[in-house]
There are 2 protein chains.
Amino acid sequence: MKLEPTVFCSNKPHHMERFLEVCLLLLLYDEIGYGYGLIEQLSYFGFAVEDLNVSTLYRTLRKMETEGLVTSQWAEGGQGPKRRVYEITVKGQSELDHWIRILKVRRARIESLISAYDHKLQPGGPDVKGENTDGDF
Amino acid sequence: MKLEPTVFCSNKPHHMERFLEVCLLLLLYDEIGYGYGLIEQLSYFGFAVEDLNVSTLYRTLRKMETEGLVTSQWAEGGQGPKRRVYEITVKGQSELDHWIRILKVRRARIESLISAYDHKLQPGGPDVKGENTDGDF
DNA sequence: TAGACTATATGTGCAATGCATATAGTGATG
DNA sequence: CATCACTATATGCATTGCACATATAGTCTA
């Protein structure tokens with residue numbers, strides 16, 4: 001029942017260290033929220049709902065609380081089970097700022113890579129050979 | 001002799017799943033190379049030399065070989081110890097193409113996030129609060 | 001002969017994540 | 001009431017990508 005290991009990058013993991021965490025911080029920066037409800041909002045960042053792993057979401061939120069980035073309390077009222085509602089802290093806001101800077105570096109690196117790929121290592125790269133001008137893609 | 005490394009991020013891990021691997025595939029797509037020499041070339045993608053972890057590099061290359069993405073052989077001649085020279089395979093090229101596609105999705109997500117941060121959740125997002133218009137950076 | 005340098009390799013451990021599963025309250029329906 | 005579907009939160013297990021530390025060894029120079 002396993003996927004063929006030759007199927008590189010089937011569809012699943014593709015981690016991106018703490019990216020989910022940063023998304024959550026940003027959402028909570030705007031307004032308080034609870035786990036299940038945040039899932040929908042994550043689509044703003046290009047997440048398909050089926051991409052998201054509920055376990056990871058909750059575990060991430062709990063971890064963020066232990067780190068002091070958010071606080072939580074049980075919300076009464078409404079229908080359905082009680083919700084644990086999260087609120088960002090000052091420390092969480094700093095962390096958000098910090099990670100945005102990191103993500104900008106990350107973006108630059110990805111840009112460099114994609115650019116190099118699309119030009120097959122042309123500008124500023126090592127001695128350009130002119131070979132490999134075949135353009136797949 | 002290298003391009004200016006644009007890196008200013010703090011110091012630590014900040015993984016990016018398999019990003020190094022994709023960089024290596026792209027470098028080897030251009031021309032064959034060996035471990036130690038690839039380190040310098042990685043600065044083209046925004047890696048500072050001191051960012052790079054030599055262990056990770058070699059382990060990654062070996063892993064890529066067991067996966068059939070590259071082949072290697074010992075190169076004689078020249079001075080210094082022998083070098084294990086790597087060459088990309090057809091499978092490696094497919095893998096590269098595939099990961100580029102993933103990185104483009106990744107780029108889009110990072111763009112969404114940074115954009116939302118800079119605008120504090122304005123376009124298409126939930127109710128905009130208008131607060132926090134301070135622009136660090 | 002002794003470093004300094006180049007080059008490759010591995011043991012250990014951690015953190016981020018996916019997958020599977022558990023627990024439990026609410027509302028609707030028969 | 002009993003049952004079921006749905007919402008909501010939580011946790012055990014395994015995988016994996018990476019860092020850190022360390023090991024091995026050839027070459028060159030003093």
Side-chain angles (χ1 to χ4, degrees), chain A residues 1-3 5 8-24 33-42 47-67 69-70 72-86 99 102 106, chain B residues 9-25 33-42 47-67 69-70 72-86 99 102 106:
Chain A
M1 117 177 238
K2 292 295 165 191
L3 278 183
F8 23 40
C9 14
S10 52
N11 46 356
K12 283 317 171 191
H14 306 152
H15 309 206
M16 235 167 80
E17 192 211 14
R18 289 179 179 272
F19 186 70
L20 177 61
E21 179 175 325
V22 186
C23 290
L24 292 173
Y34 67 101
Y36 217 81
L38 288 164
I39 293 180
E40 284 189 357
Q41 299 185 292
L42 283 168
F47 281 109
V49 179
E50 63 270 15
D51 283 347
L52 289 168
N53 191 293
V54 187
S55 334
T56 303
L57 181 96
Y58 281 105
R59 205 182 298 113
T60 300
L61 285 169
R62 301 300 278 150
K63 190 202 68 173
M64 288 163 66
E65 186 169 25
T66 69
E67 292 171 348
L69 309 180
V70 294
S72 77
Q73 54 185 18
W74 289 102
E76 306 283 348
Q79 64 253 70
K82 277 191 287 189
R83 297 166 172 176
R84 183 184 287 276
V85 175
Y86 289 91
W99 273 100
I102 292 171
R106 202 175 275 187
Chain B
C9 77
S10 58
N11 41 1
K12 285 309 173 195
H14 306 152
H15 308 205
M16 235 168 81
E17 192 212 13
R18 289 178 178 273
F19 187 70
L20 176 63
E21 179 175 323
V22 185
C23 290
L24 292 173
L25 284 172
Y34 67 101
Y36 217 81
L38 288 164
I39 292 179
E40 284 188 356
Q41 300 186 45
L42 283 168
F47 281 108
V49 178
E50 62 270 17
D51 282 349
L52 288 168
N53 192 293
V54 186
S55 332
T56 303
L57 181 97
Y58 281 106
R59 207 193 311 265
T60 300
L61 285 168
R62 301 300 279 149
K63 190 202 67 173
M64 287 162 66
E65 186 169 25
T66 67
E67 291 171 346
L69 309 180
V70 294
S72 78
Q73 53 186 20
W74 288 102
E76 306 282 346
Q79 64 255 72
K82 277 190 289 188
R83 299 168 171 175
R84 184 185 287 276
V85 176
Y86 289 91
W99 272 99
I102 291 172
R106 203 175 275 187

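Computed from a prediction, not measured in an experiment: that's the story for all the values here. A note on names: the letters A, B, ... follow the listed sequences, proteins ahead of strands, and every chain is numbered from 1.
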[X] has an atom [atom1]; how far is it from atom [atom2] of [N], in whole Å?
{"X": "B/Leu57", "N": "C/dT10", "atom1": "CG", "atom2": "P", "result": "14 Å"}
{"X": "B/Asn53", "N": "D/dC18", "atom1": "CG", "atom2": "P", "result": "10 Å"}
{"X": "B/Ile39", "N": "D/dA19", "atom1": "CD1", "atom2": "P", "result": "12 Å"}
{"X": "A/Phe19", "N": "D/dG17", "atom1": "CZ", "atom2": "P", "result": "19 Å"}
{"X": "A/Tyr58", "N": "C/dT23", "atom1": "OH", "atom2": "P", "result": "17 Å"}
{"X": "A/Leu20", "N": "C/dT17", "atom1": "CG", "atom2": "C1'", "result": "10 Å"}
{"X": "A/Glu40", "N": "D/dC6", "atom1": "CD", "atom2": "C1'", "result": "14 Å"}
{"X": "A/Arg18", "N": "D/dC18", "atom1": "CZ", "atom2": "C1'", "result": "14 Å"}

Counting only side-chain heavy atoms from C-beta out, which of [options] sits nearest to [X]?
{"X": "A/Tyr36", "options": "D/dA10, C/dT17, D/dT7", "result": "D/dT7"}
{"X": "B/Thr56", "options": "C/dT8, D/dC18, D/dC13", "result": "D/dC18"}
{"X": "A/Trp74", "options": "C/dA16, D/dT9, D/dA19", "result": "D/dT9"}
{"X": "B/Pro81", "options": "D/dA25, C/dC19, D/dA8", "result": "D/dA25"}

Side-chain N or O of [X] less than 4.0 angstrom from OP1 or OP2 on [N]?
{"X": "B/Arg83", "N": "C/dT8", "result": "no"}
{"X": "A/Arg84", "N": "D/dA10", "result": "yes"}
{"X": "A/Tyr34", "N": "D/dA8", "result": "yes"}
{"X": "B/Lys63", "N": "D/dG17", "result": "yes"}
{"X": "A/Ser55", "N": "C/dC19", "result": "no"}
{"X": "A/Arg62", "N": "D/dA10", "result": "yes"}

Examine distances only and state if a side-chain atom of A/Tyr34 and a backbone atom of A/Trp74 form a donor-acceptor pair shorter than 3.5 Å. no
Paired with B/Arg62, the side chain to side chain contact (heavy atoms under 4.5 Å, CB included) test is passed by just one of B/Met64, B/Arg59, B/Glu65, namely B/Glu65
With nearest nucleotides of DNA chain C determined for B/Arg59 and B/Gly37 from heavy-atom distances, which residue corresponds to the more 5′ nucleotide? B/Gly37
Got a sec, which residues hit salt bridge (Lys or Arg N to Asp or Glu O under 4.0 Å) with B/Glu67, two or more places apart in sequence or on another chain? none
Point-to-point distance, once rounded to the nearest 0.5 Å, from CG of B/Leu42 to CG of B/Leu57: 6.5 Å
Rounded to the nearest 0.5 Å, what separation is found between the CG atom of B/Asn53 and the OG1 atom of B/Thr60? 9.0 Å
